[in-house]
Structure formats: structure tokens, C-alpha cells
Amino acid sequence: MSSPGYIDTHCHLAMHPLVEDVPGVIARARDCGLSRMLVVASDEKSSQDVLDLVERYSSEGLSATVGIHPHDAKSCPGGLPAEIRELAGLPTVAAIGETGLDYYYDHSPREVQRALFREHIVLARD
């Protein structure tokens with residue numbers, strides 16, 4: 001029985017500089033035994049970018065996340081954007097994120113981070 005290989009559960013393949021050579025990155029990852037990659041988003045724009053990339057390389061074992069990083073929570077004072085909720089239902093989306101709490105840098109108010117994190121959890125459960 002052969003091993004399924006390693007899975008990268010958090011990569012930023014849609015960001016510079018990796019996005020400049022996606023086929024090369026995937027090939028090098030395969031050479032190291034990586035069989036799947038979860039490409040992580042951090043805001044509305046990157047969520048769409050990640051989905052576009054995952055669709056473009058659909059045969060390569062890529063899956064997507066959609067979400068708002070806690071640093072960017074301040075950009076969503078009204079809560080999780082409707083676009084993120086809609087994108088979360090797509091078949092290429094395997095997880096919700098990048099999300100959580102970041103009290104080290106405090107780029108967004110803690111109460112806003114907590115509220116948005118709760119919404120991410122509800123969306124993931126749904």
C-alpha cells in the first residue's frame with residue numbers, strides 16, 4: 001500500500017512571490033512528497049484570488065479557504081461580508097480562514113476580532 005503523501009494545510013500560493021511560478025512551486029512540492037495543498041485566503045480579494053487559482057489548477061490537488069484574517073477584522077465592522085458567506089459554499093472551499101485572534105499585534109480592535117471569529121466558526125459549522 002502506498003502512502004498518500006504529505007498535505008500542506010496552510011500555504012499562500014496565491015501571494016507574491018509564489019503566485020509568479022505556481023506550476024514550478026507545485027512541481028517542487030510534488031518532488032518533496034506533497035500530495036495536496038490548502039491555499040489560504042486572508043480577506044475578500046484574496047479569497048477570490050485563491051478560488052481563481054484553485055480552479056485554474058484544479059487537477060493539482062489544491063483546495064481553498066475563504067475568510068478574513070484577524071489583522072483585517074477592522075475592515076468588517078458590520079460582520080462577515082456576504083461575499084465570503086457565498087464563496088464558502090463553493091465545492092473547492094475546504095475550510096474557513098484565515099481566521100482567529102491576534103492580540104500580539106492588535107491591528108484590529110479585540111472586540112471586533114472576537115465578533116468576526118465567532119461568525120467564522122458559525123460559517124464553518126454551517
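What you see below is based on every heavy atom in this structure, not just the backbone, and it leaves out hydrogens, waters and symmetry mates.
Cluster membership for L38 and Y57, using ILVMFWY side-chain heavy atoms within less than 4.5 angstrom, is not shared. A single hydrophobic cluster is not seen to contain both V122 and L90; linkage of ILVMFWY side chains at heavy-atom distances under 4.5 Å, directly or through other members, places them apart. Both V19 and V25 are members of a single hydrophobic cluster when ILVMFWY side chains are connected at heavy-atom separations under 4.5 Å.
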task = Check the pair L62 / I26 against side-chain contact (heavy atoms from CB on, under 4.5 Å), numbers first and verdict last.
result = CA-CA 9 Å; L62 304 181; I26 292 171; 4.2 Å; yes
ask   = Could you go step by step and tell me if K45 and D49 meet the salt bridge (charged side-chain N to carboxylate O under 4.0 Å, His left out) rule?
value = CA-CA 6 Å; K45 181 184 180 331; D49 292 345; 2.8 Å; yes
ask   = Given Y103 and Q113, is the side-chain contact (heavy atoms from CB on, under 4.5 Å) satisfied, shown in steps?
value = CA-CA 9 Å; Y103 292 171; Q113 289 186 50; 4.0 Å; yes
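Scanning all heavy atoms of the two residues, the minimum distance from V112 to A73 falls at CG1-O, 3.3 Å. The two atoms that bring L116 and G79 nearest to each other are CD1-C, 3.8 Å, heavy atoms only. Nearest heavy atoms, L13 versus M37: CD2-SD, 4.2 Å. Scanning all heavy atoms of the two residues, the minimum distance from D102 to H71 falls at OD2-NE2, 2.7 Å. What you find for V39 and V50 is that their closest heavy atoms are O-CG1, 3.3 Å. H120 and T99 make their closest contact through ND1-OG1, 3.0 Å (heavy atoms, listed as atom of the first residue, atom of the second, distance).
No side-chain donor-acceptor contact under 3.5 Å links S75 and D72.
Separating the NE2 atom in H12 from the OG atom in S42 is a distance of 7.0 Å, to the nearest 0.5 Å. Considering CG of L123 and CD1 of I96, their distance stands at 4.0 Å, rounded to 0.5 Å.
A distance-only check finds no donor-acceptor pair linking the side chain of S47 to the backbone of V66 [under 3.5 Å]. When atom types are taken as modelled, the side chain of T92 and the backbone of A64 share no donor-acceptor pair closer than 3.5 angstrom. A donor-acceptor pair under 3.5 Å links the side-chain atoms of T65 to the main chain of A41, judged by distance alone. A donor-acceptor pair is defined here as one N or O able to donate and one able to accept, closer than 3.5 Å; no such pair exists between the side chain of E98 and the backbone of I68. No donor-acceptor pair closer than 3.5 Å links the side chain of S63 to the backbone N or O of A94.
A parallel orientation is assigned to the rings of H107 and Y105, their planes being inclined by less than 30° (bins at 30° and 60°).
Judged as a side-chain hydrogen bond (donor to acceptor under 3.5 Å, both in side chains), the pairs with a partner in residues 16-28 (not counting sequence neighbours) are, in order, H16-E20, D21-R28. Applying the salt bridge (charged side-chain N to carboxylate O under 4.0 Å, His left out) test to pairs two or more places apart or on separate chains, those with a residue in residues 104-118 are D106-R110.
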Table please: side-chain donor-acceptor pairs of residues 80-88 below 3.5 Å, with sequence neighbours left out.
unit_1 : atom_1 : unit_2 : atom_2 : d
R85    : NH2    : E119   : OE1    : 2.5

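Side chains of V22 and L53 form a contact here, defined as non-hydrogen atoms less than 4.5 Å apart.
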